[in-house]
Amino acid sequence: MLQGKFALGFWRLCDANISLNELENLINVALDNGISVMDHADIYGEYRCEARFGEVLKSQPSLRDKMYLVSKCGIKFKCDFTPNNLVKHYDLSADSIITSVNNSLANLGCDYLDLLLVHRPSPLMNVDEIAETFYQLQREGKVKQFGVSNFTPSQFDLLNSRIPLLTNQIEFSVLANQALFDGSLDQLQQYKLRPMAWSPLAGGKIFNSDKPQLTQLLQELADKYAVSVEQIALAWILRHPSNIQIVLGTQKSSRLINTLAAQHIELDIQDWFAILETVNGYPVA
Ligand code: NAP
């Protein structure tokens, strides 16, 4: 189950250059503060991030049962580990999915994933083949639940018609708010499924966006609610009624703790719309 308002993502783990002790501390701080969902993908850090995280799990196996491990499959690109990928592409064949899951399990050092997501929809995806492969992975005990990421509502319905999906992990932040208008959030609300929001701080861009009026407004609201700018940006996401789970990207435990207070902020409805208007540059009709 996707428990809690927040998940922690490890896309930036290898870039963050943190020691194994710091990583272990980050994981423990997350778990101690109610963040059990750990978001990975086979490709993060050119296939190195899961292995790095796995070093902690291998030295502290008791941590595994305290967390809900998410990984993703399907994106292929060329790097040192994959010289045969001449062009970036998506491969959602049975072989590709099974190889990806086996690699993730080996790298993470565990027997099963709690949730596997199709990382991106492919124009060539065969949903029957994907569903059969997912059911096989479930029977083998390698993956408990399935979902997708970056799917349009019709793509979600297409795969969901073959196998029940748990979530659609989508980009969502004050700066990337198209999910409000393209039906993605409506659909998950309709199915009573929780969306996962990636890059909730727009990858850090909310702190230096090219919208000075947004910077000013976020600071004014931070002052009004006596919280930080990032907490306002996260509270704006949590104000949506679809019960979004935010996938945080920081690799700093101090920042992680600071962001959590966002879940206790109830943004006034006019403040929520003021942010939307400022980002979009026009008021709602
Ligand atoms: P994010 O929270 O929007 O951005 C994180 C970045 O913002 C980090 O570089 C972080 O730096 C910086 N940051 C955080 N607080 C800050 C502050 N107060 N001041 C300045 N900089 C600050 O999230 P994200 O990393 O882009 O994405 C989160 C997760 O979503 C990823 O780890 C991954 O699991 C998932 N994701 C999924 C997809 C997909 O296609 N499904 C795509 C992208 C990401 P520090 O580390 O220094 O704090």
Side-chain angles (χ1 to χ4, degrees), residues 2 5-19 22-23 25-27 29-30 35-45 48-50 52-53 67-77 88 90 100 104 108 113-122 146-152 155-156 165-179 184 195-209 215 218-219 222 227-238 244-262:
L2 295 176
K5 298 282 182 198
F6 300 101
L8 182 56
F10 290 92
W11 176 33
R12 299 175 192 273
L13 174 58
C14 294
D15 291 338
N17 224 355
I18 57 177
S19 70
E22 287 167 321
L23 175 57
N25 183 49
L26 176 68
I27 294 169
V29 165
I35 301 178
S36 57
V37 179
M38 307 286 162
D39 188 71
H40 293 272
D42 53 353
I43 56 168
Y44 285 170
R48 291 172 298 129
C49 290
E50 287 187 327
R52 185 84 177 137
F53 190 94
M67 57 180 68
Y68 182 94
L69 276 179
V70 183
S71 191
K72 313 185 190 80
C73 62
I75 299 181
K76 307 283 166 190
F77 61 90
K88 191 172 185 190
Y90 306 136
S100 170
S104 291
L108 290 164
L113 298 172
D114 293 284
L115 178 63
L116 177 68
L117 306 179
V118 176
H119 206 153
R120 296 244 166 212
S122 169
F146 301 91
V148 294
S149 184
N150 304 301
F151 271 43
T152 65
Q155 290 163 338
F156 186 96
L165 300 173
L166 184 74
T167 189
N168 189 3
Q169 187 179 115
I170 50 177
E171 183 176 19
F172 190 55
S173 66
V174 294
L175 281 172
N177 60 45
Q178 59 279 7
S184 302
M196 297 177 83
W198 61 262
S199 289
L201 301 173
K205 279 196 222 94
I206 64 149
F207 303 106
N208 56 356
S209 78
T215 308
L218 289 175
Q219 188 57 60
V227 297
S228 66
V229 163
E230 68 191 284
Q231 287 171 1
I232 292 292
L234 298 176
W236 187 87
I237 295 173
L238 294 175
I244 293 170
Q245 182 174 74
I246 290 176
V247 189
L248 296 166
T250 186
Q251 304 293 286
K252 295 194 168 83
S253 44
S254 54
R255 269 194 189 149
L256 184 66
I257 293 171
N258 283 337
T259 57
L260 300 181

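Count residues from 1 along the sequence. In listed order, ligands and their atoms are each counted from 1.
- Every atom of ligand 1 with a heavy atom of Lys252 under 4.0 Å away is listed here by number and element: 45 (P), 47 (O).
- The side-chain heavy atoms of Arg12 and Tyr44, taken from C-beta on, include no pair separated by under 4.5 Å.
- In this structure, Ser184 and Phe172 have side chains that are not in contact, with every pair of non-hydrogen atoms separated by 4.5 Å or more.
- Only the side chain of Tyr44 comes within 4.0 Å of ligand 1, counting heavy atoms alone; its backbone N, CA, C and O stay farther away.
- Between Ala202 and ligand 1 there is a heavy-atom distance shorter than 4.0 Å.
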* Audit row: Gln169, Asp39, side-chain hydrogen bond (donor to acceptor under 3.5 Å, both in side chains) steps and yes/no -> CA-CA 10 Å; Gln169 187 179 115; Asp39 188 71; 3.0 Å; yes
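- If you look at Asn150 next to ligand 1, the close heavy atoms, those under 4.0 Å, all belong to the side chain.
- Summary of contacts: the protein heavy atom closest to atom 25 (O) of ligand 1 is Arg12 NE, 2.6 Å.
- Of all the listed residues (Glu230, Lys205, Gln169, Met196), Glu230 holds the heavy atom that lies closest to atom 18 (N) of ligand 1.
- At a 4.0 Å heavy-atom cut-off, ligand 1 touches Phe207 through the side chain alone.
- Ranking the protein heavy atoms by distance from atom 35 (C) of ligand 1 puts Asp39 OD2, 3.6 Å first.
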* side-chain hydrogen bond (donor to acceptor under 3.5 Å, both in side chains) assessment of Glu230 paired with Thr259 -> CA-CA 7 Å; Glu230 68 191 284; Thr259 57; 5.3 Å; no
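- Residue Pro200 touches ligand 1 through backbone and side chain together, judged by heavy-atom distances below 4.0 Å.
- Contacts between His40 and ligand 1, counted as non-hydrogen atom pairs separated by less than 4.0 Å, are absent for every part of the residue.
- An N or O contact shorter than 3.5 Å links Ser199 to ligand 1 by distance.
- Of all atoms in ligand 1, listed by their number and element, those nearer than 4.0 Å to a heavy atom of Ser149 are 39 (C), 40 (O), 41 (N).
- For Glu171, the closest heavy-atom approach to ligand 1 does not fall below 4.0 Å.
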